[in-house]
Asker: 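First the structure, then my questions, so here it is.
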There are 2 protein chains.
Amino acid sequence: MKWHELGEKNCPVARSLSILGDRWTLLIIRNAFLRTCRFEDFQKQLGITRHLLSDRLNRLVEKKVFKKVLYQEAPKRYEYKLTEAGLALYPVMLVLTNWGNTWMNEDGSHPPLEYVHKPCGHKTSPELRCSECGEEIHPRDMMPLMDGLQNNTGRPLAIPDSQDG
Amino acid sequence: MKWHELGEKNCPVARSLSILGDRWTLLIIRNAFLRTCRFEDFQKQLGITRHLLSDRLNRLVEKKVFKKVLYQEAPKRYEYKLTEAGLALYPVMLVLTNWGNTWMNEDGSHPPLEYVHKPCGHKTSPELRCSECGEEIHPRDMMPLMDGLQNNTGRPLAIPDSQDG
DNA sequence: ACGGTAAGTTCCATTTTAGAACGCAGAGAG
DNA sequence: CTCTCTGCGTTCTAAAATGGAACTTACCGT
């Protein structure tokens, strides 16, 4: 399968990954959340080659994750700002942070990155909850609705009843 | 920067992406959540080359996202099952599903993948909420605690106060 | 004129990936 | 006992992506 075909799949995970699923894109977006918005800064902070950075930024602009904002005429210079779609990736960052803190740090050699939820003032870890009843979501409680074939297994995106068996 | 160096970074996002950040890994994990657990099935469903699939599965086993479970002696055959760390990636799948449904489907050509939360019986979209106060998390409400330099910008993983300005 | 800044582009060596064919260890059929 | 099939890789070659460094363009300040 060629990579660009993934964006046409009838699976939202595949379509997300058709943009986000490479070695640099999510790191670039991470740094955008860190307020980085200029080419030189992305390049220095990430150590990505200029070639690739140029390519990735263009793709993200094309896909409406970033927008270019002019900050200087003559010569024209643009900042790369997250669009609404880009900002909507914050949950992805939080969830990856959580997972990395918990599972990629088993020897405890890295201090976990913790967050304070400013409105309540407590250290928090984000939890996924049902928008309807507010209960925390457990994988086996989720039942997908299939409007069509949603993936290439013929099975819904859900966890096995007995993954460990 | 070489790719393998990413796993040693003091940033949980970078460490997560050192495993998940390539073109196939999250798709393989998606299919694992779809109950796929054998080499042939992954290969047929994803259209990934056998070479790469072998490589990725081995890496995921090594990183303790999958475990090999013997299901047949002579010749020895293994199923690839998600470990606890692997199952903990379900939020990543849900969040990517949400984002793809919302932002990678602007022409409405793909029916969204919807979920029913079985305990309450309603269609749901997962929301990130504070583990302490239960309020929904908005990017600008999050204030990271820096135990050390958590990234290579010297800035915390938080959203700009004025991203649009 | 000269050095500095910002954002790419170009070039080439190395690495990764795609695609198909091949290997192997049994299992079951004839 | 050969013949084919299944399951799981490994090997091979060509194509694509990536890393690393140098080069280009356009302006600015001195």
Side-chain angles (χ1 to χ4, degrees), chain A residues 1-9 14 17-28 31-32 35-62 66-81 152-153, chain B residues 1-9 14 17-28 31-32 35-62 66-81 152-153:
Chain A
M1 181 165 55
K2 274 81 166 268
W3 190 248
H4 65 268
E5 295 171 347
L6 211 57
E8 296 138 32
K9 291 268 172 198
L17 292 177
S18 76
I19 296 180
L20 308 174
D22 75 88
R23 291 183 148 75
W24 287 110
T25 300
L26 279 169
L27 286 173
I28 291 170
N31 280 39
R35 297 182 178 77
T36 301
C37 52
R38 297 190 185 180
F39 187 94
E40 289 293 316
D41 294 331
F42 281 114
Q43 199 278 317
K44 281 171 197 150
Q45 290 158 16
L46 291 169
I48 186 177
T49 61
R50 313 175 72 72
H51 192 358
L52 270 198
L53 178 59
S54 177
D55 183 86
R56 294 296 184 272
L57 287 174
N58 284 146
R59 173 157 58 178
L60 287 168
V61 168
E62 182 196 323
F66 280 134
K67 61 190 168 190
K68 290 170 82 163
V69 178
L70 194 73
Y71 75 92
Q72 177 189 292
E73 293 274 1
K76 295 210 175 200
R77 292 286 182 257
Y78 297 90
E79 297 190 321
Y80 294 88
K81 301 277 200 178
N152 40 20
T153 67
Chain B
M1 179 167 57
K2 276 84 165 262
W3 189 248
H4 65 268
E5 296 170 348
L6 211 55
E8 297 137 32
K9 291 270 172 197
L17 293 177
S18 75
I19 296 180
L20 308 174
D22 74 87
R23 291 184 147 74
W24 288 109
T25 300
L26 279 169
L27 285 174
I28 291 169
N31 280 39
R35 296 184 177 79
T36 301
C37 52
R38 297 190 184 179
F39 188 94
E40 289 293 314
D41 294 332
F42 281 114
Q43 199 277 317
K44 281 173 196 149
Q45 290 158 16
L46 291 170
I48 186 177
T49 61
R50 313 176 73 71
H51 192 358
L52 271 199
L53 178 58
S54 178
D55 182 86
R56 293 297 183 270
L57 287 174
N58 284 144
R59 172 156 60 179
L60 287 167
V61 168
E62 183 196 323
F66 281 134
K67 61 189 168 191
K68 290 170 81 163
V69 179
L70 194 73
Y71 74 91
Q72 175 189 291
E73 293 276 0
K76 296 209 175 198
R77 292 285 182 258
Y78 297 89
E79 295 189 322
Y80 294 89
K81 301 276 200 177
N152 39 20
T153 68

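Just so we're on the same page: letters track the sequence lines, and every chain starts at 1.
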Asker: State which residues pass side chain to side chain donor-acceptor pair (under 3.5 Å) with A:Q72; sequence neighbours excluded, sorted by chain then number.
Answerer: none
Asker: Considering residues at least two apart in sequence or located in another chain, which fulfil the side-chain contact (heavy atoms from CB on, under 4.5 Å) criterion with B:Y78?
Answerer: B:K68, B:L70, B:K76
Asker: For the residue pair A:S54 and A:F39, establish whether any side-chain heavy-atom pair is separated by less than 4.5 Å.
Answerer: yes
Asker: Extract, from 5' to 3' on DNA chain C, the first and final nucleotides lying under 4.0 angstrom from some heavy atom of chain B.
Answerer: C:dT17 to C:dA27
Asker: May I ask you to test the A:L6-B:L27 pair for a side-chain heavy-atom distance under 4.5 Å?
Answerer: yes
Asker: Who pairs with B:S18 by side chain to side chain donor-acceptor pair (under 3.5 Å), at least two apart in sequence or on another chain?
Answerer: none
Asker: How bent is the helix from C:dA1-D:dT30 to C:dG30-D:dC1, comparing axes over its five end pairs at each side, to the nearest 10°?
Answerer: 0°
Asker: Does B:S54 make a side-chain N or O approach to OP1 or OP2 of D:dC8 shorter than 4.0 Å?
Answerer: no
Asker: Polar atoms only, N or O, under 3.5 Å: list the protein pairs with nucleotides 15-19 of chain D and their distances.
Answerer:
from: D:dT18; atom 1: OP1; to: A:R56; atom 2: NH2; distance (Å): 3.0
from: D:dT18; atom 1: OP2; to: A:R56; atom 2: NH2; distance (Å): 2.7
from: D:dG19; atom 1: OP2; to: A:W24; atom 2: NE1; distance (Å): 3.2

Asker: Name all residues meeting the salt bridge (charged side-chain N to carboxylate O under 4.0 Å, His left out) criterion together with B:R59; count only those two or more places apart in sequence or in a different chain, and write none if there are none.
Answerer: B:D22
Asker: How close do B:F42 and B:A32 get, counting heavy atoms only, and between which atoms?
Answerer: CE2-N, 3.8 Å
Asker: How many angstroms lie between atom CG of B:L46 and atom CH2 of B:W24, to the nearest 0.5 angstrom?
Answerer: 6.0 Å
Asker: Whether B:Y71 contacts D:dC8 is assessed here as follows: a side-chain N or O lying under 4.0 Å from the phosphate OP1 or OP2. Is that the case?
Answerer: yes
Asker: Roughly, in whole Å, what's the span from OH in B:Y78 to C1' in D:dC8?
Answerer: 12 Å
Asker: Round to a whole Å and report the spacing from CD of A:Q43 to P of D:dG20.
Answerer: 11 Å
Asker: Considering residues at least two apart in sequence or located in another chain, which fulfil the side-chain contact (heavy atoms from CB on, under 4.5 Å) criterion with A:E8?
Answerer: A:H4
Asker: With sequence neighbours excluded, tell me which residues meet salt bridge (charged side-chain N to carboxylate O under 4.0 Å, His left out) with B:R38.
Answerer: B:E79
Asker: Heavy atoms, side chains only, cut-off 4.5 Å: are B:I48 and B:I28 in contact?
Answerer: yes
Asker: Which whole-number value in Å describes the distance from B:R38 CZ to D:dC8 P?
Answerer: 6 Å
Asker: Measure from CD on B:Q45 to P on D:dC8 and round the result to the nearest Å.
Answerer: 12 Å
Asker: Rounded to the Å, how far apart are B:D41 CG and D:dG7 P?
Answerer: 8 Å
Asker: Tell me, for nucleotides 24-30 of chain D in 5' to 3' order, what letter each nucleotide earns: B for a base near a protein heavy atom under 4.0 Å, S for only sugar-phosphate near one, - for neither?
Answerer: ---S---
Asker: Given side-chain contact (heavy atoms from CB on, under 4.5 Å), test A:L53 with A:R50 step by step and report yes or no.
Answerer: CA-CA 5 Å; A:L53 178 59; A:R50 313 175 72 72; 5.6 Å; no
Asker: Going by side-chain contact (heavy atoms from CB on, under 4.5 Å), name the residues that satisfy it together with B:E62, two or more places apart in sequence or in a different chain.
Answerer: none
Asker: Quick one: B:F66 CZ to D:dC8 P, roughly how many Å, whole number?
Answerer: 14 Å
